[in-house]
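Report on one structure; see the data block that follows.
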2 protein chains.
Amino acid sequence: MAETAVAERLNGALNRILAGDCIEVMRRLPDASVDLVFADPPYNLQLKGELHRPDNSRVNGVEEGWDRFSSFGDYDRFTREWLREAQRVLKPHGAIWVIGSYHNIFRLGAELQNQGFWILNDVVWRKSNPMPNFRGKRLTNAHETLIWASKAEASKYTFNYDALKALNEGVQMRSDWVLPICTGHERLKGEDGAKAHPTQKPESLLHRIILATTNPGDVVLDPFFGTGTTGAVAKRLGRDFIGIEREDSYRKAAEARIAQIRRLDSVALETTSSKKAEPRVAFGVLVERGMLRPGEELWSLGGRHKAKVRADGTLVGQDVKGSIHQVGAHLEGAPSCNGWTYWHFRRDGGYVPIDVLRQQVRAEMAQHH
Amino acid sequence: MAETAVAERLNGALNRILAGDCIEVMRRLPDASVDLVFADPPYNLQLKGELHRPDNSRVNGVEEGWDRFSSFGDYDRFTREWLREAQRVLKPHGAIWVIGSYHNIFRLGAELQNQGFWILNDVVWRKSNPMPNFRGKRLTNAHETLIWASKAEASKYTFNYDALKALNEGVQMRSDWVLPICTGHERLKGEDGAKAHPTQKPESLLHRIILATTNPGDVVLDPFFGTGTTGAVAKRLGRDFIGIEREDSYRKAAEARIAQIRRLDSVALETTSSKKAEPRVAFGVLVERGMLRPGEELWSLGGRHKAKVRADGTLVGQDVKGSIHQVGAHLEGAPSCNGWTYWHFRRDGGYVPIDVLRQQVRAEMAQHH
DNA sequence: CGGCTCATTGAATCAAATG
DNA sequence: ACATTTGATTCAATGAGCC
């Protein structure tokens, strides 16, 4: 059957590094099959001569052939083609991350928008230890830019809000991330001691991206796999990956690297991923259980509005009947209202939010499991 | 003579706010006549409905007609036209700054490159107090992006490296700037108390830009003048400005605002623009003068970290040697550290910041002038 | 349906100190 | 005792827009 063939085509690629040009290799992947694309394409650095430090030592920059394009138009064509394939292989609710510097990120972002991707955030990776500007002719180039976009405007993309909030000491994560560049033991070296890849990204960066925008078991495609940071982090976090890389030496280094990675056990994965949504409790359950009596009055904070509880778990207030949310919204003239925090019952002269009753129910439910 | 006519056309516009559409007005300005363009064009926010805070209050966002475009193509055409005029009126060694968010900055940057501007840096304005993400559906959009580009690749652009280094506590200025958004008394209000402009930029941002990339007497053109932050800062810093603004209410607010600004006197200008501003005091001077002894210990506040003073004005701490700033940053695992405020010496059982010693040296230096 | 917000400013309120 | 000032604390508002 066709479906089986498609599944096999995908499964054959899972957790492997496919050799070849990323556009050609992506063409062989089935439609709507991956959850996330992470792409670190060539930056089109347009370097002129060599750069030396003030002590005259030579800066070992990006000089590889894969970063040479003849013009902006040439780079745009390349971008357009690989983005088109990336969009095709994404599931309807999938998303993409791209990273770049001022040399290429504007072209990349514009092309994403042109192809119908819907930008969700641009994120600044603020390097805690950037290379200084030796010549004193510009500002220290201390950041790179990432763009996070869903496949389309209507996509219900994945965002593990609570996991990121936890990562950020309890306040919501911002669009600027301070992370060190990849150095030390994490930086892959060749047998000659030289760095294996000129632009290896830190695992901390991929950790945050994969944690934020995928779930365990999701498939992450990296069409510019390099030495495999995406694969290493995906494997550790219990995600599947598909890598595409043209250069033999990078593939080899990546394979050795990823083979040594161990998947975190499910407990560790659970704690790093978002807190499970708490079980839904219908307001009517509070009435069924006798925690609130039919006919009892609920109050908005301060007692400005009131409504009466009915046996079926709806409320009736001034000129309005409906759910706790609907009645609250109507009385406030608001577009919406969280009835759980809006409505209060009276105890000992004070107002207690009905949400505490829901907490009790949830606690009891947890006991029985 | 033709030259005189051109000079008159320019002089007639200096330190004035020209009314009208920026493209049409720029067409009347002579070629190669301004040193810097600062442009804060509409962001093309593509807003859908209203946004409410969790407490149901409504966010008063950008609803003005000037931010509405029918498509990306429409926005691109607009961008192309005003950028073309901006480039024409720039002197050969002139430069441009543009600011935007992820909604428009990629299109803006790509068009800059297409027209032959040469990008020097992209700069991230990290907002210290951004609006949070109320829905918990994305990252807090906590930054905006600026692009600094010269008129052409060959332009010998202005960059006051030392002034920016001085502004940044003696280490070279990075491409990420932390500045608060424009609030409080600085935010212009109408007679009804409502904000006069929905997107007024902070003066601190323009101060840094104008200080960094112009010299006193230079001409700064702002084609989207709004309520005149560019003009206010330019005037204060002894630069000339040309503003262009379509909306009467913004022009009026800007004129009243700028009329109240006083140009800094030449001494203050000198101090803001040169590294001699606050006379730089090397830490080693404190050792030379016997205010601190080699071998003496310095402490972080609370005494969590310590380091030893060496005779050459460097510190040595746990596994690290270097300047007071470097050692502090290393021990804190921070990207940077102001050693003057970080390090303390012990006196009478308390911690005294070494900055007080620097103040003493500066006071003594002032005596001799 | 119902879950979801951070840093800052400035006003309002109240307590303590002063004249 | 009463009016005034100062300081501490709390409360309310809001900023280039997001299911």
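Letters A, B, ... mirror the listed sequences (proteins, then strands); counts begin at 1. Owing to the predicted nature of the structure, the values given are computational and were not obtained by experimental measurement.
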- Evaluate whether atom NZ of B:Lys195 has more than 12 neighbouring non-hydrogen atoms of other residues, nucleotides or ligands under 6.0 angstrom away. yes
- Does the side chain of A:Lys165 get closer than 4.0 angstrom to OP1 or OP2 of C:dT5 through an N or O atom? yes
- Query: What is the ring orientation for B:Phe225 with B:Phe241, classed by angle as parallel under 30°, tilted 30 to 60°, or perpendicular over 60°?
  - Reply: parallel
- Query: Roughly how far apart, to the nearest Å, are C:dC4 and D:dG17 at atom C1'?
  - Reply: 15 Å
- When the distance from OH of A:Tyr161 to C1' of C:dT5 is rounded to whole Å, what number comes out? 7 Å
- Message: Can you confirm whether B:Arg246 is buried at CZ, in the sense that more than 12 heavy atoms of other residues, nucleotides or ligands lie under 6.0 Å from that atom?
- Response: no
- For C:dC6, what is the paired nucleotide under Watson-Crick or G-U wobble rules, both distances under 3.5 Å? D:dG15
- To the nearest Å, how far apart are A:Phe159 CZ and C:dG3 C1'? 14 Å
- Message: Between A:Asp218 (side chain only) and A:Asp35 (backbone N and O only), is there a donor and an acceptor less than 3.5 Å apart?
- Response: no
- Under 3.5 Å: donor-acceptor pair, side chain of B:Glu332, backbone of B:Cys337: no
- Query: Of the options A:Val124, A:Ile105, A:Ile209, which is the one that meets A:Leu146 in a side-chain contact (heavy atoms from CB on, under 4.5 Å)?
  - Reply: A:Ile209
- Which is true for B:Ser128 with a 4.0 Å heavy-atom rule: it touches a base, it touches only sugar-phosphate, or it touches nothing? sugar-phosphate
- Which nucleotide, in any strand shown, forms a Watson-Crick or G-U wobble pair with C:dA11, with both distances under 3.5 Å? D:dT10
- Item | Nearest to side-chain heavy atoms of A:Ser323, which nucleotide of C:dC1, C:dG3, C:dT5 | C:dC1
- Spacing between A:Phe283 atom CZ and C:dC1 atom P, to the nearest angstrom: 13 Å
- Message: Can you identify which nucleotide, out of C:dT5, C:dC1, C:dG3, has its nearest atom closest to the A:Asn338 side chain?
- Response: C:dG3
- Task: Any chance you could list the contact pattern along nucleotides 12-19 of chain D? Use B for base contacts, S for sugar-phosphate-only contacts and - for none, protein heavy atoms under 4.0 Å, 5' to 3'.
- Result: --BBBBBB
